[in-house]
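Notes follow once the structure below has been shown.
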Amino acid sequence: MFKTCSNSARKCQQYGLDLSDYIENSEWALLYTTSNNLLKYYAGNNYFFSELNYSIRLERRRPFYERNMILPTILTSSMSTMVFFLPPESGEKISMAITVFLALSLNMLAISHHIPNNSLQIPVVSRYSMFSLGSITFSLWLSMVVINIHGYRSQDFPRSQSYPPKYLMKISRFLWHT
């Protein structure tokens with residue numbers, strides 16, 4: 001992509017960035033390129049030295065990341081709120097929460113190939129995915145509490161108690177009265 005110059009520093013001013021071999025990329029867009037030649041005189045050696053500065057401005061193309069990373073993550077994590085709309089009698093609250101958790105975990109695995117491997121800065125999409133996994137885990141826990149308090153009974157797995165445990169009743173009374 002760069003052309004070098006010949007022996008004389010003054011000939012370098014003729015050359016810049018040669019974009020004849022440049023190939024468009026689907027992930028990055030080339031906005032502009034600049035090059036300039038600075039001649040520096042060093043009195044101790046009586047020589048002119050040239051300093052070539054190249055600037056390349058690239059911009060990441062957003063649609064790839066919006067369609068393949070951000071939108072699926074947001075849609076998958078928004079499904080975790082749907083767990084609370086299912087009635088406890090349906091028996092699908094826990095399985096839906098686990099399915100959403102696994103879907104988001106697989107989404108994170110697919111995303112990990114497109115984000116840089118760096119432990120100094122964590123990308124925003126990774127932070128959002130980790131927060132979503134935490135909230136889905138919390139909603140899974142809350143769903144189990146709701147099913148326990150509701151007294152869901154199954155013929156396959158009968159409960160040993162007819163009432164919820166006392167600690168759950170104390171928590172619910174405390175939350176209800178505050």
Do you know the tightest heavy-atom contact between Ser80 and Val100?
N-CG1, 4.1 Å

Check ion pair Arg61-Glu66 (N to O, under 4.0 angstrom):
no

So which atom in Ser132 and which in Leu104 form the shortest heavy-atom distance, rounded to 0.1 Å?
CB-CD2, 3.2 Å

Approximate separation, where rounding is to 0.5 Å, of Thr137 OG1 and Phe101 CZ:
4.5 Å

Provide the closest heavy-atom pair for Thr81 versus Ser78 in the form atom of the first, atom of the second, distance.
OG1-O, 2.8 Å

Taking OH in Tyr128 as the centre, count heavy atoms belonging to other residues, nucleotides or ligands within less than 6.0 Å. Is the count above 12?
yes

Rounded to the nearest 0.5 Å, the OG1 atom of Thr76 sits from the CD1 atom of Ile74 at a distance of 10.0 Å

Heavy-atom closest pair, residues Ser95 and Glu92:
OG-OE1, 2.8 Å

Please say whether more than 12 non-hydrogen atoms of neighbouring residues, nucleotides or ligands are located less than 6.0 Å from CZ in Arg57.
no

In Å, rounded to the nearest 0.5 Å, how long is the span from OG of Ser129 to CD1 of Ile70?
10.0 Å

Starting at CG of Leu30, measure out to CD of Glu24 and round the result to the nearest 0.5 Å.
7.5 Å

Met96 to Leu86 - nearest heavy-atom pair and separation
SD-CD1, 3.6 Å

Test log, rule side-chain contact (heavy atoms from CB on, under 4.5 Å), inputs Leu133 and Ser105
CA-CA 8 Å; Leu133 282 175; Ser105 299; 3.8 Å; yes

Thr73 vs Leu75 side-chain heavy atoms within contact, under 4.5 Å:
no

Output yes when a side-chain donor or acceptor of Ser143 lies under 3.5 Å from a complementary backbone atom of Ser139, and no otherwise.
yes

Decide yes or no for Met144 and Lys93: does some side-chain heavy atom of the first lie under 4.5 Å from some side-chain heavy atom of the second?
no

Nearest-0.5 Å distance, CZ of residue Arg127 to CD1 of residue Ile122
6.0 Å

Closest contact, heavy atoms only, Ala97 versus Ile136
O-CG2, 3.7 Å

Counting heavy atoms not belonging to Phe84, are there more than 12 under 6.0 Å from its CZ?
yes

Can you confirm whether Ile171 is buried at CD1, in the sense that more than 12 heavy atoms of other residues, nucleotides or ligands lie under 6.0 Å from that atom?
yes

Can you tell me if CE on Met108 sees more than 12 non-hydrogen neighbours from other groups inside 6.0 Å?
yes

Okay, side chain of Arg60, backbone of Glu27: is any donor-acceptor separation there less than 3.5 Å?
no

Do the side chains of Phe85 and Met82 get nearer than 4.5 Å, heavy atoms only?
yes

State, with a plain yes or no, whether a side-chain heavy atom of Ser55 is found less than 4.5 Å away from one of Thr33.
no

Can you hop from Val125 to Phe131 via hydrophobic side chains spaced under 4.5 Å?
no

Given the rule that I, L, V, M, F, W and Y join up when any side-chain heavy atoms are under 4.5 Å apart, are Leu71 and Tyr65 in one cluster?
no

Could you check Leu106, Thr99, Ile98 and say which one makes a side-chain contact (heavy atoms from CB on, under 4.5 Å) with Leu102?
Ile98

